[in-house]
Every structure is written in structure tokens, then in C-alpha cells.
2 protein chains.
Amino acid sequence: MTYGEKLEALAPPTRRAVFERLAKGAASVGEIAAGLPVSRPAVSQHLRVLKDAALVTETRDGTKRVYAIDSQGLAELRDYFDRFWDEALDIFKRSVEGGDG
Amino acid sequence: MTYGEKLEALAPPTRRAVFERLAKGAASVGEIAAGLPVSRPAVSQHLRVLKDAALVTETRDGTKRVYAIDSQGLAELRDYFDRFWDEALDIFKRSVEGGDG
DNA sequence: GCAATACGTAAGCGATGACTTACGGAGAAA
DNA sequence: TTTCTCCGTAAGTCATCGCTTACGTATTGC
């Protein structure tokens, strides 16, 4: 639920690929795995982490499970970045202009 | 240099703590290590990764090495997120309104 | 009930990574 | 040059992680 958890969830390349796949539209586990060079259980495990981090949502459709981007969780991550950037860039500019380390 | 490298660099908690420390102002390796429960070499190794990812800059001041946020590299990461969010949230909203997966 | 589909979970393995201690190098002061 | 400060690097250890195969579960259709 924290931004740290979200960052860690998005760091591994394969898991980020899963997430970016969902950014292009909702999909089932099998559909996602078909487009990646890893097994279906691997994708399932990545989705578990993404779901725990509140980055994706899970919906049942028969025997399928459809995953999609969790817009609310994504917004929380964006808020963190916005606040971080405001603070960091402000201090950065101030140090450059003032010359004070 | 890629956003993937930047994401991976910011994922580990200790390394993110180093980065967030620099967001509050430039500092030397020793100063950073003094505020963290890890050794100085550990901080040095984290700074190396952050520098390779173009997230921090290095400046020499006598025997010290002063590290600071790399605003340009940070902006690149922000650009990636902006583009990602625009695409993801647009598709997300469209799927909700249209009801089409 | 029986078979098929789609998926999550458990167990195990190989690789990666974060950390430590020990050491060497570059700059400042005498 | 010698000494001190501050730092990067090398080597090694222990934990974590990402992946695979094997298996169990829930749902659909006959």
C-alpha cells in the first residue's frame, strides 16, 4: 500500500512488462503469459505482487481471472512523485542559485 | 540511463533512503552514512548505482565527494511516468465507460 | 458425476543483491 | 615526506528473488 511497495513491485523487468501490458488493456493470466518469455505461474506470481501493492485489480469471469490497472493505486504513486519532485527540484534550484551547499 | 534502470535503482529501501536524503540537500558520503544504519562503503555502493542511473551527480571538494540530485535524470523519469499515466488512465477510463475489454 | 479449462500454490533451484570487513588511493595540512 | 581525512574497491557471506515443474482448486459444459 505504500509507495515503497509500489516502487519495488515495478522494478523487476518482467513484472514491469506485465504491468505495462495491462496498461494497454485488461487481460487474463494466459493472455499475458502468451506475450512473455516466462511461464504462466511466473506471471501469476507477479500479478500477486502487483495486486498486493494495489497496482492492479482482479476480476473473475468464468474460469478466467481478468486483471487491470488499479487507477487509484497508480494515482497514489503519482502523488508521491509529485511531492518528491516539488521538494527535490526546489531545493536543487535554491542550492544552485544561492551557491550554498 | 533508461527509466527501467532508474526504477530499479530507487526500489531498494536503503538506496531510496540515500536518494531521499539527497532530495533534502547535497551531502557527502560520510554525512549520508551517519544518518543510516549501514556502513559507509554500503552507502558508497548505493551512490555508485544512483550515479550510473543518472539520478545523482558527484562533485569533488577536497577529500570529500559531494553528491546531489540529478535534476535532468529525475525529469526523464518523470516524463516516463507522465506518458505512462496518460496512456494507462486513458485506456482504463475507456474500458470502464465502453464496457469493452 | 465426469472431463476440460484457467488459474493459484508449494517446493526447489540457480542467480542476483545488499551488506560487511579489509585494503588501497587521492587530497589537505604539517 | 609524513600524516590524517575521506572515500572507492575487492572479496566474501547470507538472504532474497525470479523462475520452473508438479500439484491442487474452482468454474463451465456435457
Side-chain angles (χ1 to χ4, degrees), chain A residues 1-22 25-70 101, chain B residues 1-22 25-70 73 95 101:
Chain A
M1 291 289 291
T2 68
Y3 64 84
E5 196 179 353
K6 289 179 168 59
L7 271 177
E8 294 177 29
L10 291 177
T14 301
R15 192 151 61 222
R16 189 168 58 249
V18 170
F19 189 67
E20 293 183 354
R21 165 63 184 84
L22 292 180
S28 66
V29 181
E31 290 172 347
I32 300 172
L36 294 175
V38 294
S39 68
R40 181 191 52 74
V43 172
S44 196
Q45 291 165 3
H46 285 308
L47 287 168
R48 164 95 170 159
V49 176
L50 291 172
K51 200 180 80 172
D52 286 346
L55 284 170
V56 304
T57 60
E58 178 189 310
T59 309
R60 318 194 61 140
D61 178 24
T63 64
K64 292 185 181 179
R65 302 203 180 183
V66 178
Y67 287 85
I69 296 291
D70 186 330
Chain B
M1 291 290 287
T2 67
Y3 64 84
E5 195 179 355
K6 289 180 170 59
L7 271 177
E8 295 177 29
L10 291 178
T14 299
R15 193 150 63 221
R16 189 168 58 250
V18 170
F19 189 68
E20 294 184 353
R21 166 64 184 83
L22 292 180
S28 67
V29 181
E31 289 172 346
I32 300 171
L36 293 175
V38 295
S39 68
R40 181 192 51 74
V43 172
S44 195
Q45 290 164 4
H46 285 308
L47 287 168
R48 164 96 171 160
V49 176
L50 292 172
K51 200 180 80 172
D52 287 345
L55 284 171
V56 304
T57 60
E58 179 187 309
T59 309
R60 318 194 60 141
D61 177 24
T63 63
K64 292 185 180 179
R65 301 204 182 184
V66 178
Y67 288 86
I69 296 291
D70 186 330
S95 68

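So that the names make sense, note that chain A is the first sequence line, chain B the second, and so on, each numbered from 1.
Counting distance only, with no hydrogens placed and no angle test, the side-chain atoms of B:Arg40 and the base atoms of D:dG8 include a donor-acceptor pair under 3.5 Å. Counting atom types as modelled, A:Gln45 pairs a side-chain N or O with a base atom of D:dT20 as donor and acceptor under 3.5 Å.
The interatomic distance linking B:Asp61 (CG) with D:dC6 (C1') rounds to 11 Å, in whole Å. Look at NE2 on A:His46: it is 15 Å from P on C:dT9, rounded to the nearest Å. In this structure, A:Lys64 atom NZ and D:dT25 atom C1' are separated by 19 Å, rounded to whole Å. Note: CD (A:Glu8) to P (C:dG17) measures 14 Å, nearest angstrom. Rounded to an integer number of Å, the gap from B:Glu58 CD to C:dA26 P is 14 Å. The separation between B:Leu36 atom CG and C:dT20 atom C1' is 16 Å, rounded to whole Å. Across the protein-nucleic acid pair, B:Arg16 atom CZ and C:dA18 atom P stand 12 Å apart, rounded to whole Å. As rounded to whole Å, 7 Å separates atom C1' of C:dA26 from atom CZ of B:Arg60.
For the atom pair OG1 of B:Thr14 and NE2 of B:His46, the computed distance is 5.0 Å after rounding to the nearest 0.5 Å. To the nearest 0.5 Å, the span separating CG on A:Asp70 from CZ on A:Phe19 amounts to 8.5 Å. Taken to the nearest 0.5 Å, the CD atom of B:Glu8 stands 12.5 Å off from the CD atom of A:Glu8.
Contact annotation for B:Pro41: base contact, defined as any heavy-atom pair under 4.0 Å involving a base atom. Here A:Arg15 lies in heavy-atom contact (under 4.0 Å) with sugar-phosphate atoms only.
Put simply, B:Thr63 has no side-chain N or O that comes within less than 4.0 Å of OP1 or OP2 on D:dC7. One finds a side-chain N or O of B:Tyr67 lying less than 4.0 angstrom from the OP1 or OP2 phosphate oxygen of D:dG8.
For B:Val49, the side-chain contact (heavy atoms from CB on, under 4.5 Å) partners at least two apart in sequence or on another chain are B:Ala9, B:Arg15.
Each of A:Arg65 and B:Ser44 was assigned the nucleotide of DNA chain D with the nearest heavy atom; the assignment lying further toward the 5' end belongs to B:Ser44. Place A:Gly62 and A:Thr14 on DNA chain D by their nearest nucleotides, and A:Thr14 ends up nearer the 5' end.
Proximity note for B:Arg48 (side chain, C-beta onward) versus D:dC6, C:dA18, D:dT9: the nearest is D:dT9. Listed nucleotides: D:dC19, C:dT21, D:dG8. Nearest to the side chain of B:Ser39: C:dT21.
Partner A:Leu55 forms a side-chain contact (heavy atoms from CB on, under 4.5 Å) with one of A:Leu10, A:Ile69, A:Val18 and no other, that one being A:Leu10.
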